[in-house]
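Both backbone and side-chain heavy atoms feed into the values below; hydrogens, waters and symmetry mates do not. Given the structure is predicted, the values throughout are model-derived calculations rather than measurements. Atoms within a ligand are numbered from 1 in the order they appear, just like the ligands themselves.
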Amino acid sequence: MIVRDARALIASEIRDLLKVADRPEITSFAGGVPDPSLFPLGDFRAVYSDLMADEAAGRRSLQYSISEGLPALRQWIVDDLASSGAVRSVDNILITCGAQQGLDMLARLLLEPGREIVVEKPSYLGAMQAFSMRRPTYVGVNMDEDGPVVAELEAAFKGGARVAYLAPDFQNPTGRSYSLERRLAVLEIARQHGAVILEDAAYSRLIYDGDALPSLLALDETHGDQNAGTVIQLGTFSKTLVPALRIGWLCAPRPVIERLVLMKQAGDLHVSTINQEVALRAARKLFPAHLGILRDAYRTKRDTMLAALDEFMPDSVTYTRPEGGMFIWLTLPENIDSRQLLEQALVDAQVAFVPGQAFFCDQSGRNTARLSFATEKLDRIRAGIERLALLIRRVHNQ
Ligand SMILES: Cc1ncc(COP(=O)(O)O)c(C=O)c1O
């Protein structure tokens, strides 16, 4: 017998609805993927060709390798983390098949049926899909302008929850970030209760305005003790290089890494050696210049979408103004159900978006929607928002 939870059902209904979103006549704000026109194809061509031209490195990259991941790649990640203030060692890093595998492995390590996990309301659907395989009890925490509501987080930990999944930078689906004060408060509360924070840093490098704030990992000072720490951070090259390499990583205290390495051995031995080698060479070659290219391109798209929302949306619709990432979050008038709106939008406005309900652990948020500005061209972003706004005005006044 196959057990299905309500959120999985909503998610699969939405997937069915969005099957038409790929049609060329549809302007899609539904995707959660990077813009493929920004993939550095020429550089990848050179990286692959140089690798295969190098007899020793080429053969090594086609061989099995250790479950932890290539030491040189882990060292690159350690250096990169250090440059943003998080001092860790190679032994704190495990290479995973995308951050998604990290979420799945952490779910298997930390969750069991009925055990509580704190999630933001709303939260990343893919994380909840991974967690739900362990049938945990979700404790949803509301968000304000600065991050998770402290009193709610505290109540969750007081109620017995010991794991929290949080995304402080340009969250999927809202694009929101935490203030520095809230980061510190969240960390302090977790410490007081002996809880572990799973910090999703998938979008943290896609920052378009101002300076980056320190990650929870960076604020979680371990004083050189590889076994210490309240924060486990998930990182990925999916948004900064290309997702198809499937290279992500976990940064965690050593005892956690040791358990996860055994799990990795049992599951799939290791992440593809050649993909790790290519990711390392591409990162060395392309960073930080490529990040600058991505930031400029996505900033322009974000600005175009925000300008169109400002121009066309009625006052009854509110939306986030993200400083990074790929998403803008709409809150529609109470009487609009965004799943019904999507059905109409696909037909009447040729526009797709993701209804917000699936991102809530308690299936609330019926009048919310996620828009991605990442993949469409500027003129289509503007025209698509204009058509969507017209439809919303019509539906709202009915
Ligand atoms: C917030 C967040 N975390 C993790 C992932 C998983 O990324 P990947 O497995 O490609 O590294 C995604 C993918 O969209 C995401 O949006």
Side-chain angles (χ1 to χ4, degrees), residues 11 14-15 18 28-36 38-39 69 73 77 80 93-108 117 119-133 143 147-148 164-178 197-207 215-217 231-252 260 264 267-268 271-272 275-276 278-279 282-283 294 298 320 322 324-329 353-354 356 358-361 370-375:
I14 292 172
R15 255 197 310 276
L18 288 174
S28 182
F29 304 133
V33 300
D35 183 347
L38 295 169
F39 293 159
L73 178 60
I77 291 163
D80 192 53
I93 308 289
L94 170 69
I95 305 297
T96 55
C97 180
Q100 192 65 32
Q101 186 182 44
L103 289 166
D104 174 58
M105 293 173 75
L106 288 169
R108 284 191 279 147
I117 176 157
V119 292
E120 298 159 336
K121 273 179 21 185
S123 183
Y124 167 50
L125 178 59
M128 290 192 286
Q129 283 176 322
F131 302 151
S132 289
M133 300 307 285
M143 310 291 284
Y165 167 73
L166 305 174
D169 294 313
F170 326 124
Q171 187 227 31
N172 178 3
T174 63
R176 284 198 194 110
S177 301
Y178 300 5
I197 295 176
L198 313 182
E199 178 183 35
D200 193 325
Y203 295 93
S204 61
R205 308 307 293 273
L206 294 184
I207 174 169
S215 64
L216 297 178
L217 187 79
V231 178
I232 297 176
Q233 192 187 66
L234 297 121
T236 179
F237 280 132
S238 288
K239 319 295 175 185
T240 52
L241 281 176
V242 293
L245 286 174
R246 309 304 304 130
I247 302 290
W249 57 88
L250 277 168
C251 181
L260 294 175
K264 185 105 187 88
D268 60 359
V271 174
S272 153
N275 287 5
Q276 291 187 66
V278 166
L294 295 180
Y298 288 132
T320 54
M326 294 182 174
F327 306 106
I328 292 175
W329 184 250
F353 56 83
V354 184
F359 300 102
F360 286 84
C361 61
R370 187 190 76 177
L371 303 180
S372 164
F373 50 81
T375 44

Student: Distance to 0.1 Å, residue and atom name: give those for the protein heavy atom nearest to atom 9 (O) of ligand 1.
Tutor: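 For this ligand atom, the closest protein heavy atom is R246 NH2, 2.8 Å.
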Student: Tell me which protein heavy atom sits closest to atom 14 (O) of ligand 1, plus the residue, atom name and distance to 0.1 Å.
Tutor: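 Nearest neighbour among protein heavy atoms for atom 14 (O) of ligand 1, to 0.1 Å: K239 NZ, 2.8 Å.
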Student: Taking Y203 for its side chain and A167 for its backbone only, find out whether a donor-acceptor pair lies under 3.5 Å.
Tutor: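 No, because the side chain of Y203 does not come within donor-acceptor range (under 3.5 Å) of the backbone of A167.
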Student: Would you mind finding which of Y165, Y124, F170 brings a heavy atom closest to atom 4 (C) of ligand 1?
Tutor: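 Considering heavy atoms of Y165, Y124, F170, the nearest to atom 4 (C) of ligand 1 sits in Y124.
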Student: Considering only protein heavy atoms, which is closest to atom 16 (O) of ligand 1, and at what distance to one decimal place?
Tutor: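 Looking at atom 16 (O) of ligand 1, the protein heavy atom closest to it is Y203 OH, 2.7 Å.
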Student: Ignoring hydrogens, just give me the one of I247, L125, D104, D200 whose non-hydrogen atom is nearest atom 2 (C) of ligand 1.
Tutor: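 Among I247, L125, D104, D200, the closest heavy atom to atom 2 (C) of ligand 1 belongs to D200.
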Student: Are any of the N/O atoms on G98, whether in the backbone or the side chain, positioned under 3.5 angstrom from an N/O atom of ligand 1?
Tutor: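 No: no nitrogen or oxygen of G98 is under 3.5 Å from one in ligand 1.
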Student: For the atom pair CG (N172) and CZ (R370), what is the distance rounded to the nearest 0.5 Å?
Tutor: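 Spacing of CG (N172) from CZ (R370) equals 4.5 Å.
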Student: Please state which protein non-hydrogen atom is closest to atom 10 (O) of ligand 1 and give its distance, to 0.1 Å?
Tutor: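 Its nearest protein heavy-atom neighbour is S238 OG, 2.6 Å.
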Student: Return yes if some donor-acceptor pair links the side-chain N/O of T320 with the main-chain N/O of R176 below 3.5 Å, else return no.
Tutor: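 A pair under 3.5 Å: no.
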Student: What do we get for M326 next to ligand 1 when only non-hydrogen atoms under 4.0 Å count, side chain, backbone, both or neither?
Tutor: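 Neither; nothing of M326 gets under 4.0 Å from ligand 1.
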Student: Should the pair Y124 and Y165 be assigned to parallel (<30°), tilted (30 to 60°) or perpendicular (>60°) ring geometry?
Tutor: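 Because their plane-to-plane angle lies in the 30° to 60° range, the rings of Y124 and Y165 count as tilted.
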Student: When you measure from the side chain of E199 to the backbone N and O of L217, does any donor-acceptor pair fall under 3.5 Å?
Tutor: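 Confirmed, E199 side chain pairs with L217 backbone.
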Student: Decide whether an N or O pair under 3.5 Å exists between Q101 and ligand 1.
Tutor: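 Min N/O separation from ligand 1 is not below 3.5 Å for Q101.
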Student: Evaluate the ring planes of W329 and F360, with Trp represented by its six-membered ring, and classify them as parallel (under 30°), tilted (30 to 60°) or perpendicular (over 60°).
Tutor: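 Plane angle between 30° and 60°, so tilted.
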Student: Hey, could you give me the CZ/CE distance between R108 and M133, rounded to the nearest 0.5 Å?
Tutor: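 Nearest 0.5 Å value for the CZ-CE distance: 9.5 Å.
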Student: Side chain, backbone, both or neither: which part of P243 comes within less than 4.0 Å of ligand 1 when only heavy atoms are counted?
Tutor: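 Neither part.
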Student: What closest approach, in Å, do I197 and L216 show between heavy atoms, and which atom pair accounts for it?
Tutor: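 Result for this residue pair: CG2-CD1, 3.8 Å.
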Student: Out of all atoms in ligand 1, which are within 4.0 Å of some heavy atom of T236? Include the element for each.
Tutor: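 Once the distances to T236 are compared, the set is 8 (P), 11 (O).
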Student: Taking heavy atoms and a distance under 4.0 Å, where does F237 meet ligand 1: side chain, backbone, both or neither?
Tutor: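 It is neither; nothing of F237 touches ligand 1.
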